[in-house]
Amino acid sequence: MSPSASPSAAPPALWNRPHLLGLQGLSAAELTVILDRAADFKRLHAAGQTKLDHLKGVTVGNLFFEPSTRTKTSFSLAAKRLSADTVDFTASGSSLSKGETFIDTARNIEAMGVTQMVVRHSTSGAPYHLTKHLKAGVINAGDGTHEHPTQGLLDIFTIREHRGQIAGLTVALVGDILHSRVARSNIWGLTTLGAKVIVCGPATLIPPEIERLGVEISHSLDAIVPRTDVINLLRIQAERQRSAFFPSIYEYAHFFGMNGNRVQRARKDVLILAPGPINRGVELTPDVADGDHSVILDQVTNGLFIRMACLSLLHEARSVSGQH
Ligand code: CP
């Protein structure tokens with residue numbers, strides 16, 4: 001279906017979910033519906049169609065209980081590009097400080113007519129919990145160490161855009177796998193679409209039994225660099241680490257940071273991704289972050305179209321099932 005179709009048009013038969021809580025359990029066909037819809041939006045935007053009416057009359061709430069630059073801004077912009085009204089909520093300065101609960105906060109915002117909630121929270125499962133208390137559709141914008149599905153989708157979209165397909169590629173996720181919701185969403189999405197995934201980091205930052213998700217484990221970035229098509233450098237999640245997982249930032253960067261020497265040993269067309277925010281000089285050096293192989297800002301651009309796709313598909317699925 002073209003994204004320029006009317007808001008009341010039926011969604012593709014392969015998408016009928018009212019919420020997007022994670023990429024775990026989504027089929028290759030469902031993932032492809034979202035990626036294709038985002039590609040359609042990107043083409044329309046390039047053709048000058050920057051304002052569409054898919055969410056006319058809809059109010060989207062962006063509820064961020066943790067800091068965000070990219071996700072919050074792009075969800076807000078995505079909703080506006082689809083003609084929705086938006087409500088942006090941040091925990092700081094809210095009545096949470098007076099003792100109001102998470103659920104009461106969300107229910108009060110829903111009572112103002114919000115029918116789609118985008119939620120980021122430090123607790124894994126918080127968006128799922130909301131679906132039990134609200135009528136609104138819920139999109140997970142990152143929950144604890146669980147998932148960050150739209151980040152996984154925009155990473156996959158960016159790889160597909162540069163490589164044409166996901167199946168058959170080898171993708172390395174490097175760094176703090178233990179605390180990374182981005183890693184989990186990438187693993188579910190990439191393996192479902194046929195990529196080989198390698199997780200690479202110090203043993204202390206690789207979760208036990210992660211190979212059960214169908215990934216290979218490596219503790220040597222130097223060993224895997226020559227055989228990867230894509231290297232996604234995950235941030236050290238200092239805010240979630242309750243003890244020292246490596247001796248020093250210097251040693252982490254020495255063994256697991258992407259630098260010019262490692263890029264020279266990589267495939268000529270290697271793609272360098274990072275979900276951001278990046279710590280220059282830790283996960284990657286500035287010359288790599290800003291270099292020819294980096295698609296980091298492409299990821300940010302594509303995040304807008306992925307979020308437009310998710311908002312519109314969920315709205316259409318809910319319209320068809322009468323869940324406005
Ligand atoms: N990648 C990402 O989620 O960035 P923000 O924390 O800025 O939203």
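Along the sequence shown, residues carry numbers from 1. Only a predicted model underlies this, so the values are computations on that prediction, with no experimental measurement involved. Counting convention: from 1, in listed order, for ligands and their atoms alike.
- The closest protein non-hydrogen atom to atom 4 (O) of ligand 1 is R70 NE, 3.0 Å.
- No hydrogens or angles considered: a donor-acceptor pair under 3.5 Å links the side chains of H148 and R120.
- Contact detail for I296 and L273: the closest heavy-atom pair is CG1-C, 4.3 Å.
- Where the criterion is an N or O separation shorter than 3.5 Å, residue side chain and backbone included, H148 meets it with respect to ligand 1.
- In this structure, of P277, A274, G303, G276, the residue bringing a heavy atom nearest to atom 2 (C) of ligand 1 is G276.
- Protein heavy atom in closest approach to atom 6 (O) of ligand 1: R120 NH1, 2.9 Å.
- If you check which protein heavy atom lies closest to atom 7 (O) of ligand 1, you get T69 N, 2.7 Å.
- Ring orientation note: the planes of F102 and F65 are nearly perpendicular, at an angle over 60° on the 30°/60° scale.
- The number of heavy atoms from other shown groups lying within 6.0 Å of CZ (R107) does not exceed 12.
- Within ligand 1, counting atoms from 1 as listed, the ones closer than 4.0 Å to a heavy atom of T71 are 2 (C), 3 (O), 4 (O), 5 (P), 8 (O).
- Using a 3.5 Å distance cut-off with no hydrogens or angles, the side chains of S312 and R37 do pair a donor with an acceptor.
- For G142, the heavy-atom gap to ligand 1 stays at 4.0 angstrom or more.
- Short contacts between ligand 1 and P275, defined as distances under 4.0 Å to a heavy atom of the residue, involve ligand atoms 1 (N).
- The heavy-atom pair separating Q116 from I139 by the smallest distance is OE1-CD1, 4.0 Å.
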